There are 4 protein chains.
Amino acid sequence: MPKLGMETLRRRQLIEATIDTIHEVGFANASLQSIARRAGVSPGLVAHYFRDKEGLLEATLRQLSSDLGHGAARRLAQAASPYERLLAVVEANLEPSQFDRRIATVWLAFWGQVLHSPRLRRVQMVYEKRLVSNLRHAFRRLVADDEAARLAEATAALIDGLWLRATLSVEPSDADEARATVRRFLHGNLPAAALPHGA
Amino acid sequence: MPKLGMETLRRRQLIEATIDTIHEVGFANASLQSIARRAGVSPGLVAHYFRDKEGLLEATLRQLSSDLGHGAARRLAQAASPYERLLAVVEANLEPSQFDRRIATVWLAFWGQVLHSPRLRRVQMVYEKRLVSNLRHAFRRLVADDEAARLAEATAALIDGLWLRATLSVEPSDADEARATVRRFLHGNLPAAALPHGA
Amino acid sequence: MPKLGMETLRRRQLIEATIDTIHEVGFANASLQSIARRAGVSPGLVAHYFRDKEGLLEATLRQLSSDLGHGAARRLAQAASPYERLLAVVEANLEPSQFDRRIATVWLAFWGQVLHSPRLRRVQMVYEKRLVSNLRHAFRRLVADDEAARLAEATAALIDGLWLRATLSVEPSDADEARATVRRFLHGNLPAAALPHGA
Amino acid sequence: MPKLGMETLRRRQLIEATIDTIHEVGFANASLQSIARRAGVSPGLVAHYFRDKEGLLEATLRQLSSDLGHGAARRLAQAASPYERLLAVVEANLEPSQFDRRIATVWLAFWGQVLHSPRLRRVQMVYEKRLVSNLRHAFRRLVADDEAARLAEATAALIDGLWLRATLSVEPSDADEARATVRRFLHGNLPAAALPHGA
DNA sequence: CATGAATGAGTTTTCATTCAT
DNA sequence: TATGAATGAAAACTCATTCAT
């Protein structure tokens, strides 16, 4: 009998190697050989676990997306008020790890590819929809439905835009500042009663 | 009207073909042969005008960036007040042509590559800096310097985020709505005196 | 009925899977992995029973050849006259099962390989020699030796040619017609005394 | 301006190299690299002229088929009677060059592949139909239509079978003997009036 | 100025085989 | 016996680049 539990281990190894490789050389230059070399396995093994390169890329994007989703879910579970739910979403999407260049550059690389790969597209849409839907649900408890929809879209755009500009910038990113910007936006657009006391 | 030299004509042809090709097959699949075929010239010609593939890509990104810059400059020249200058920047960056998929998908593809190509990087930074600096200049006439800096960053992020989400979305983009969102943001963050009468 | 040992069972499984696979995807695309998958075993098992791929292919061709040989032997055992012996050979080689595409396409695929694999070659030669030698023996009882040799070669060629053209044709094969053609040939080339009464 | 007339030359070179390579190592082992090496060009050039490997193989089979077809056409043009037309077809298909191992083994290799490649199939069918249709036309001038059809099929099978057995055999092939066998078959199945005087 | 032939490295993918379990 | 993980070589194919014409 062959070694057990290899599958999970190998899949992780390869996904991590994919992230590292894309981070270092970019999407277009991330060859299977370079990824396999970094993972310390032979290139043929990719086929064994992911069928082909696109399978590996899809799994990698899925990993990034689910890491982000879990962060948000964890924070949402602890939120006691609609406002805290909003903050939970903001903080999950703008937490320091999301500004970590290793992760951020890979997200960005995928965004450039997503429009041309149906499989990646599907994964990306989950992220996109989830962000705005989380926000909209929270807003609905605080303002009228149409206003909630507008605010959700605007907040999502602000979050993504802050993240994007920070990632594209040469200067080191400041997650705190980004979150403060979104908080200011929320405070300017929510009724006072919705805000925490003393805010 | 001056007759265009062969050089200018060919360069345009190839840049347009590059945009079309990246739009259709994505950055990773845009080969010089496919670009040349679409431009109706031989692949060898690219070397003549752009030295190599990266030269053509750089020129293409430069084209996109300068088209956008000219739109902003034109609008800024007609702006009569700081508020109108803000609107000018917003409108230039969110005008319908920027939501046109042919252009938008190519911008996005470049963003994914920019971090891994110094030459593309340099071009991209011009766009990034220009947007926030245009905004900051206008804000400075209306609010204190540190608030102007904050607002400029937030507005730039909102603009980029709205554009990004619209481009990544499957639903048709609505430039008007995006601009209205930014206007609402401005109205909520500027002193009443800065806004046009009756707004 | 003797219980089949595991070995015999597995070997049969794998040979049948080889036939099915070559039939469906052709010789060049019949990989060990696809064969093993179809047989429901792991690819490593092939080495156990056949040492390597060529061993499996050789065993498969041997199987095809011996099936055909047994059919001929059975019919020959029941033949009461030289003419009936001729018919037995003809009928064995042109019986409907030999026109069955599953078998026929695999025979054909092997013929294309036989010249380049000594091991396959050896198996193939058994078939080739057996056919003509069976025919020659029967003819010798009916005509002079040199005529018997000529007739045996011609009959063998006619049999193989009819089978080949039927297999390569798109139209459904008709075993009866093929056999009638050979019978007509025999009747035209044998002395009347050799033929059954009333033929 | 690039060199002219390269296309025809290169295509020939590559087709000849394909024939030689298949002849020597078999269909399954004829890699593009080995073919290109033999042709003295780089492997990438195959794509330039034939798009992909199947394109080269198809062109090669087409070449074999058309060489054979031209031989038949030339002989048919000189045939003065239906009987001579029959002989023309027989001789074209069984002329010594068709028994040349370099050509014969390649034909055989293709036959093994033809059932699994639609493109090769189409080319092969031209050969198959042409042979029997040439024969049938000639037979129709000599015997009744249904008998002509039967004889054409049988003669075609005899031709292919003789060629096949000679090609598969280890012994050196004798084209003359093969043709004599077919002639005997014709003589045995045609009315005396159809045969040349003194035959 | 422009072609397109040609290269050769590089990419993904496939595969027979080996081997620890 | 049997598995399936893993390898490493080889396959087809793609592509940026060069160059003679």
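Treat the numbers as computed from the prediction; the structure is a model and nothing was measured. Per chain, numbering begins at 1; letters A, B, ... match sequence-line order.
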Is the side chain of A:Thr105 donor-acceptor paired with the backbone N or O of A:Arg101 at a distance under 3.5 Å, no angle test?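 Answer holds: yes.
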
Using only side-chain N and O atoms of C:Arg10, determine if any of them is under 4.0 Å from OP1 or OP2 of F:dA2. yes

Mind telling me whether C:Tyr127 and C:Trp111 have parallel, tilted or perpendicular rings, with 30° and 60° as the class edges? tilted

How far apart are the closest heavy atoms of [X] and [Y], and which atoms are they?
X	Y	answer
A:Ile35	A:Ala30	CD1-O, 4.3 Å
D:Arg11	D:Ala59	NH2-CB, 4.4 Å
B:Glu24	A:His116	O-ND1, 3.8 Å

Using whole Å, report how far [atom1] of [X] lies from [atom2] of [N].
X	N	atom1	atom2	answer
D:Tyr49	E:dG4	OH	P	11 Å
C:Arg37	F:dA2	CZ	C1'	18 Å
A:Asp52	E:dT13	CG	P	5 Å
B:His48	F:dA16	NE2	C1'	18 Å
D:Lys53	F:dT14	NZ	C1'	17 Å
C:Gln33	E:dT18	CD	C1'	13 Å
C:Leu9	F:dT1	CG	P	11 Å
C:Leu32	E:dC15	CG	C1'	8 Å

No-hydrogen, no-angle side-chain donor-acceptor test under 3.5 Å, A:Arg121 and A:Gln124: no

By nearest atom, which of the nucleotides E:dA2, F:dT3, F:dT18 is closest to the C:Ser42 side chain? F:dT3

When all nucleic acid strands are considered with a 4.0 Å heavy-atom cut-off, which category describes B:Val41: base, sugar-phosphate, or nothing?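 Contact class for B:Val41: sugar-phosphate only.
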
Note, D:Val114 side chain near D:Val123 side chain (heavy atom, < 4.5 Å):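 The answer is no; the side chains never approach within 4.5 Å.
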
For A:Leu45 and for C:Gly40, find the nucleotide of DNA chain F with the closest heavy atom, then tell me which residue's nucleotide is more 5'.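 Taking each residue's closest nucleotide, the earlier one in sequence belongs to C:Gly40.
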
Can you work out whether D:Gly44 or A:Pro43 has the more 5'-proximal nearest nucleotide on DNA chain F?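 Whichever sits nearer the 5' end wins; that is A:Pro43.
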
Contacts of A:Arg51 and C:Ala47 projected onto DNA chain E by closest heavy atom; the upstream (5') one is A:Arg51

All stems with DNA chain F, defined as three or more consecutive Watson-Crick or G-U pairs under 3.5 Å: E:2-21 with F:2-21

